[in-house]
S.K.: 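Would you mind keeping the following structure in view while I ask a few things?
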Amino acid sequence: MRILFYFLLQLFIIQACNAQHTNKSDWSSDLDYISKELPQRHINLFSTQSKDYYLQQIQKIKTSVPDLSNFEITLRLQQTIAAMGDSHTRVNLGKIIDRNKILPLKLYWFRDGIYILKTTQENEEILGNRIISINQTPIKTVIDSLSTLVTIDNRAIVKSYIPELLPLVQILQYFKFTHSSKIELGLEDMYGTNKDYIIEPSPINRKNIKIVKPASLALCYQNQKSFFTDYYQPNDKVYYIQYNKCYSKELDVKYNNGKNADQLPSFKEFENKVFENLKSQQIDKIVFDLRFNRGGNSYQGTVFIEKFSKYLDKHPEKKIFVITGRSTFSSAILNVMDFKKLTNASIVGEETSGKPNHFGEVRSFKLPYSGLNVSYSTKYFTRSANNEKTIKPDISIESDFKDYRNGIDPVYEWIRAQ
């Protein structure tokens with residue numbers, strides 16, 4: 001799947017630039033442009049919604065342009081594209097996000113709710129609190145509105161993106177949850193005590209950041225930013241392989257003329273190391289953790305899994321586990337399907353945000369006047385006879401905040417116990 005890993009970073013990555021000023025007449029031209037250009041470039045834009053629906057929604061935006069801000073026009077456009085049913089096709093909102101209107105919150109949606117894991121020193125008292133409302137509006141209502149900005153293939157994709165959207169004051173203003181930059185959070189602390197807390201936008205940096213410090217850091221989080229890594233657990237006879245990005249030095253050479261190869265790890269070297277460990281160590285269980293893998297290029301993973309399946313033919317006594325999660329997306333989905341097809345692996349964890357059959361091979365173009373970047377799919381991947389909305393694990397396990405705080409990964413603990 002020829003998609004560079006950095007092209008699949010989370011939908012609403014915040015770039016350090018403010019909104020461009022675009023004239024109303026220019027917006028009209030841009031909307032005419034995307035109404036024609038996107039259907040021509042996309043492999044099948046009308047797989048879920050009709051062409052008439054798409055053109056009608058674009059026309060509604062055009063009619064409202066005189067009454068809308070640049071930001072409002074862009075979000076309406078994203079809502080229209082999200083409704084077309086392809087989670088790879090979207091407007092990149094980074095260009096229009098005002099970095100001075102972002103709440104200092106890093107959030108995660110656990111099984112028992114959305115919790116604050118990072119903030120600034122000024123707001124340290126709310127660390128580890130669960131958000132239950134925003135400006136007196138129940139969090140579920142807020143989530144329902146913000147979800148219209150995302151192509152909702154399944155619940156996992158909502159859980160993945162909502163924590164990224166909630167701190168964006170401009171988006172909260174767009175949905176009328178606030179009219180100012182001061183936000184009242186309804187919170188619940190670890191003892192079940194409720195309180196209201198006023199928070200304002202401010203930057204988080206190395207000097208002022210405060211984080212929830214778990215009793216210990218679970219194995220899956222220790223190298224979450226690495227492309228791929230491995231651990232041998234001799235006491236449990238478990239070989240744990242964490243595959244976080246479907247990309248490498250070799251793929252950069254193959255598909256990107258090696259422009260970034262010097263800064264990337266070698267998957268070939270890693271693969272050699274893995275098979276050497278499989279030969280030399282006493283191993284009863286092998287774990288492949290793809291829960292944080294948002295994709296990139298599936299090729300190297302597929303080739304590896306094909307080799308690994310031949311190893312398993314000679315070692316049928318080994319127990320194989322593949323961990324999936326809400327961030328498992330795009331090319332990583334293809335690799336999960338490789339495991340399902342070629343091995344007898346048990347799938348453990350959360351359902352995936354990506355679908356077995358999905359659009360991909362992403363490219364992009366810019367709107368002429370606003371300069372907004374629009375990504376679109378050029379290929380459709382079929383990996384299942386059924387049109388499932390997600391890959392559901394054989395064993396469903398989701399962490400709650402208490403697990404995280406205590407340094408426990410319940411997925412890995414379940415695997416250890418088998």
Side-chain angles (χ1 to χ4, degrees), residues 102-147 155-156 158-169 171-172 175 177-178 180-222 224 291-292 323 325-327 349-351 395-414 416-417:
I102 303 174
L103 300 176
L105 300 171
K106 299 298 180 183
L107 311 173
Y108 190 83
W109 192 336
F110 291 95
R111 180 170 57 83
D112 50 338
I114 297 175
Y115 283 80
I116 300 169
L117 297 187
K118 297 180 184 180
T119 188
T120 56
Q121 185 173 0
E122 179 184 3
N123 301 294
E124 186 175 8
E125 67 181 89
I126 65 174
L127 275 178
N129 282 206
R130 181 169 69 94
I131 299 178
I132 57 178
S133 66
I134 291 181
N135 283 353
Q136 305 298 318
T137 302
I139 191 65
K140 183 183 183 304
T141 302
V142 179
I143 290 169
D144 288 344
S145 293
L146 269 57
S147 296
R155 190 64 177 166
V158 176
K159 283 191 170 185
S160 178
Y161 285 125
I162 289 300
E164 301 291 331
L165 299 179
L166 281 172
L168 304 183
V169 172
I171 290 180
L172 297 177
F175 287 106
F177 294 124
T178 184
S180 73
S181 291
K182 288 186 177 182
I183 306 295
E184 183 183 84
L185 300 177
L187 302 172
E188 180 183 88
D189 66 19
M190 67 180 68
Y191 305 107
T193 302
N194 292 351
K195 65 178 178 182
D196 295 325
Y197 186 86
I198 303 296
I199 190 168
E200 298 183 61
S202 65
I204 297 180
N205 54 51
R206 293 182 179 180
K207 293 183 179 180
N208 68 10
I209 191 169
K210 291 294 179 180
I211 66 174
V212 171
K213 294 182 178 179
S216 61
L217 198 59
L219 189 62
C220 63
Y221 299 115
Q222 291 179 17
Q224 189 176 343
R291 79 183 89 181
F292 303 123
I323 302 177
R326 68 191 65 171
S327 295
E350 297 180 50
E351 66 177 27
I395 304 296
S396 295
I397 304 173
E398 185 177 356
S399 298
D400 59 24
F401 179 68
K402 184 178 180 181
D403 290 327
Y404 180 82
R405 195 176 69 233
N406 291 332
I408 295 171
D409 175 8
V411 179
Y412 185 70
E413 293 304 312
W414 182 88
R416 287 183 60 211

S.K.: Hey, are K118 and E124 close enough for a salt bridge, meaning a charged N less than 4.0 Å from a carboxylate O?
M.R.: no
S.K.: Mind checking the OG-CG spacing from S133 to N194? Nearest 0.5 Å is all I need.
M.R.: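 Nearest 0.5 Å value for the OG-CG distance: 8.5 Å.
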S.K.: Decide yes or no on side chain to side chain contact (heavy atoms under 4.5 Å, CB included) for R291 and C220, but give the supporting numbers first.
M.R.: CA-CA 9 Å; R291 79 183 89 181; C220 63; 3.7 Å; yes
S.K.: Which heavy atom of S147 sits nearest to which heavy atom of V158, and what is that distance?
M.R.: OG-CG1, 3.5 Å
S.K.: Salt bridge check, E398 against R326: does any charged N sit closer than 4.0 Å to a carboxylate O?
M.R.: yes
S.K.: Which heavy atom of F292 sits nearest a heavy atom of S327, and at what distance?
M.R.: CA-CB, 4.0 Å
S.K.: Might you work through the ring pair (Phe, Tyr, Trp, His ring centres under 6.0 Å) test for Y221 and Y404, ending with a clear yes or no?
M.R.: CA-CA 10 Å; Y221 299 115; Y404 180 82; 5.5 Å; yes
S.K.: Where is the tightest heavy-atom contact between D400 and R111, given as atom of each residue plus distance?
M.R.: OD2-NH2, 2.8 Å
S.K.: Are more than 12 heavy atoms, taken from residues, nucleotides or ligands other than K182, located less than 6.0 Å from that residue's NZ atom?
M.R.: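 12 or below, so no.
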S.K.: Looking only at heavy atoms, which two atoms of I171 and L146 are closest? And how far apart?
M.R.: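 Scanning both residues completely, I find the closest heavy atoms to be CG2-CG, 4.0 Å.
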S.K.: Indicate the atoms forming the closest heavy-atom contact of G128 with V212, along with that distance.
M.R.: N-CG2, 3.6 Å
S.K.: Please list, chain by chain and in numerical order, all residues satisfying side chain to side chain donor-acceptor pair (under 3.5 Å) with D196, sequence neighbours excluded.
M.R.: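 In terms of side chain to side chain donor-acceptor pair (under 3.5 Å), with neighbours along the sequence ignored, D196 is linked to no residue.
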S.K.: Could you go through the side-chain hydrogen bond (donor to acceptor under 3.5 Å, both in side chains) check for N208 and T120 one step at a time?
M.R.: CA-CA 5 Å; N208 68 10; T120 56; 5.4 Å; no
S.K.: Would N135 and I183 satisfy side chain to side chain contact (heavy atoms under 4.5 Å, CB included), going step by step from the backbone distance to the final call?
M.R.: CA-CA 6 Å; N135 283 353; I183 306 295; 4.1 Å; yes
S.K.: Apply side-chain hydrogen bond (donor to acceptor under 3.5 Å, both in side chains) to the pair Y197 and N123, showing each step before the final yes or no.
M.R.: CA-CA 9 Å; Y197 186 86; N123 301 294; 2.8 Å; yes
S.K.: Ring-plane angle category for F110 and Y115, please: parallel below 30°, perpendicular beyond 60°, tilted otherwise.
M.R.: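 F110 vs Y115 ring planes: perpendicular.
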S.K.: Could you go through N129 and E188, starting from their C-alpha distance and side-chain angles, then the distance that decides it, and tell me whether this counts as side chain to side chain contact (heavy atoms under 4.5 Å, CB included)?
M.R.: CA-CA 5 Å; N129 282 206; E188 180 183 88; over 6 Å; no
S.K.: Does a sphere of radius 6.0 Å around CD in Q224 hold more than 12 heavy atoms from other residues, nucleotides or ligands, not counting ones at 6.0 Å or beyond?
M.R.: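 Enclosed: over 12 neighbouring heavy atoms sit under 6.0 Å from CD of Q224.
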S.K.: With distance as the sole test, does N406 use its side chain to make a donor-acceptor pair with the main-chain N or O of D403 at under 3.5 Å?
M.R.: no
S.K.: Closest heavy-atom contact between E200 and L103?
M.R.: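 Minimum heavy-atom separation between E200 and L103: C-CD2, 3.8 Å.
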S.K.: So R130 and I114, side chain to side chain contact (heavy atoms under 4.5 Å, CB included) or not? Walk me through it.
M.R.: CA-CA 6 Å; R130 181 169 69 94; I114 297 175; 5.8 Å; no
